[in-house]
There are 2 protein chains.
Amino acid sequence: MGKLFNISEAANIAIHSLALISTSKEDLNATQIAEMLKLSRNHLSKIMHILARHKFVTSSRGPKGGFKMLRESGSISLLEIFELMDGNLEQDHCRRIDGICPFSDCVFGDVRQRLFDEFKTYYQNRKLSDLSLNY
Amino acid sequence: MGKLFNISEAANIAIHSLALISTSKEDLNATQIAEMLKLSRNHLSKIMHILARHKFVTSSRGPKGGFKMLRESGSISLLEIFELMDGNLEQDHCRRIDGICPFSDCVFGDVRQRLFDEFKTYYQNRKLSDLSLNY
DNA sequence: TGTAATTAGGTATTTGAATTCGCAAATGTA
DNA sequence: TACATTTGCGAATTCAAATACCTAATTACA
């Protein structure tokens, strides 16, 4: 989908997958989720595997296998998912010339800080359970 | 420097280069700018070439050659430079499932729109001439 | 117990951006 | 005019992220 504010495609997929699972009545397997999100099963599997290893979901193999929420969706912020997939969401600084932007208070002024804070706060407060499906 | 909010490294370099040229008393050549910004001359040349083709600067070859501002630095917004390098700064939408996010009003809510607007407005208003060098 | 379904996960490929390389074209100066 | 300097720019390389491939391990169930 392209990147929004430094969020990787993997993190985006992770969010969507968890949202699908947490709003679904039955267990979903990788094939179903991949189908719903229009991406390859293999690629999705990788991401689900990470979510399983980190105890967001349980996974079970074999026929009737699939994924199931392990944690309360009200306890999972979007930020937590982003950080799992992309590493710590840290503000990146404008590093030119020995690690410091040569322009006083940086070419970018304070807008970086402001947008970053707003962004982070928003995703910190927004929980998986706040999402609702259209279909 | 890594990416901030979808801004490419090329756009970042372009901004810094123009800022250096516009605050410099003498003409600067590619070698000097590359030196100042700690990147390779060839890589910088590419970017300067684009800026020259688009009439932000004049370029002259040969000994004593280099780059010089062509336009008033007060008339150049950071946004214009970004858009030259990266193409139109358009909000990118969350496209899953036939181009539409399956979650009502999208997983990302309105934060995308808000941050995007703020970001764009800021860079629209901020002119090259607003920048001042530290050194 | 055999088979099909399903996740696990290492490896390979693709893709696009960033970066480097190499040489051609232009130009100032001796 | 010869030469050193500098930009122009196509082509190659690197690098990381995204994505695909392949097979092993696990499991439900006929």
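Model, not experiment: these values are computed from the prediction. A, B, ... follow the sequence lines: proteins, then strands. Residue 1 opens every chain.
The side chain of B:R41 places an N or O atom within less than 4.0 Å of a non-bridging phosphate oxygen (OP1 or OP2) of D:dT7. For the OP1/OP2 pair of D:dG8 and a distance below 4.0 Å, the side-chain nitrogens and oxygens of B:S59 include at least one atom meeting the criterion. At the phosphate of C:dT20, OP1 or OP2 sits under 4.0 Å from a side-chain N or O atom of B:S40.
Among C:dT19, D:dC29, D:dA18, the nucleotide with an atom closest to any side-chain atom of A:H43 is D:dA18. When the nucleotides D:dT7, C:dT7, C:dA18 are ranked by their closest atom to the side chain of B:A10, C:dA18 comes out on top.
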Between the protein and nucleotides 11-16 of chain C, list every N/O to N/O distance that falls short of 3.5 Å.
residue	atom	partner	partner atom	Å
C:dT11	O4	A:K46	NZ	3.2

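If you measure from atom CG of B:D86 to atom C1' of C:dA17, you get 11 Å, rounded to the nearest angstrom. Spacing between atom CD1 of A:I13 and atom P of D:dA18 amounts to 8 Å, rounded to whole angstrom units. When the C1' atom of C:dT20 is taken as reference, atom CE of B:M48 falls 19 Å away, rounded to whole Å. In this structure, B:I47 places its CD1 atom 14 Å from P of D:dT7, rounding to the nearest Å. In this entry the distance linking CZ of A:F67 with C1' of D:dT26 reads 13 Å, nearest Å. Between B:N12 atom CG and C:dA17 atom C1' there is a gap of 14 Å when expressed in whole angstrom units. If you take CD1 of A:I33 and C1' of C:dT7, they are 12 Å apart, rounded to a whole angstrom. We find that CG of A:L44 is positioned 11 Å from C1' of C:dT7, with the value rounded to whole Å.
Side chain of A:S22 to backbone of A:L18: a donor-acceptor contact under 3.5 angstrom is found. A donor-acceptor contact shorter than 3.5 Å links the side chain of B:T23 to the backbone of B:A19. Panel note: side chain A:R126, backbone A:D130; no donor-acceptor pair is recorded below 3.5 Å. A donor-acceptor pair is defined here as one N or O able to donate and one able to accept, closer than 3.5 Å; such a pair exists between the side chain of B:Q32 and the backbone of B:N29.
Each of A:R61 and B:L28 was matched to the nucleotide of DNA chain D holding its nearest heavy atom; the match closer to the 5' end belongs to B:L28. Take the nearest nucleotide of DNA chain D for A:N42 and for A:P63: the residue whose nucleotide is more 5' is A:N42.
The nearest pair of heavy atoms linking B:S24 to B:E26 is OG-O, 2.7 Å.
Looking at residues two or more places apart in sequence or on another chain, you find a side chain to side chain contact (heavy atoms under 4.5 Å, CB included) between A:S40 and A:N42, A:H43.
When the options B:I21, B:I76, B:I50 are evaluated for a side-chain contact (heavy atoms from CB on, under 4.5 Å) with B:F56, the one that passes is B:I76.
Backbone-only contact: A:N29 has heavy atoms under 4.0 Å from sugar-phosphate atoms and none from a base. Within 4.0 Å (heavy atoms only), A:S45 reaches no atom of the nucleic acid at all.
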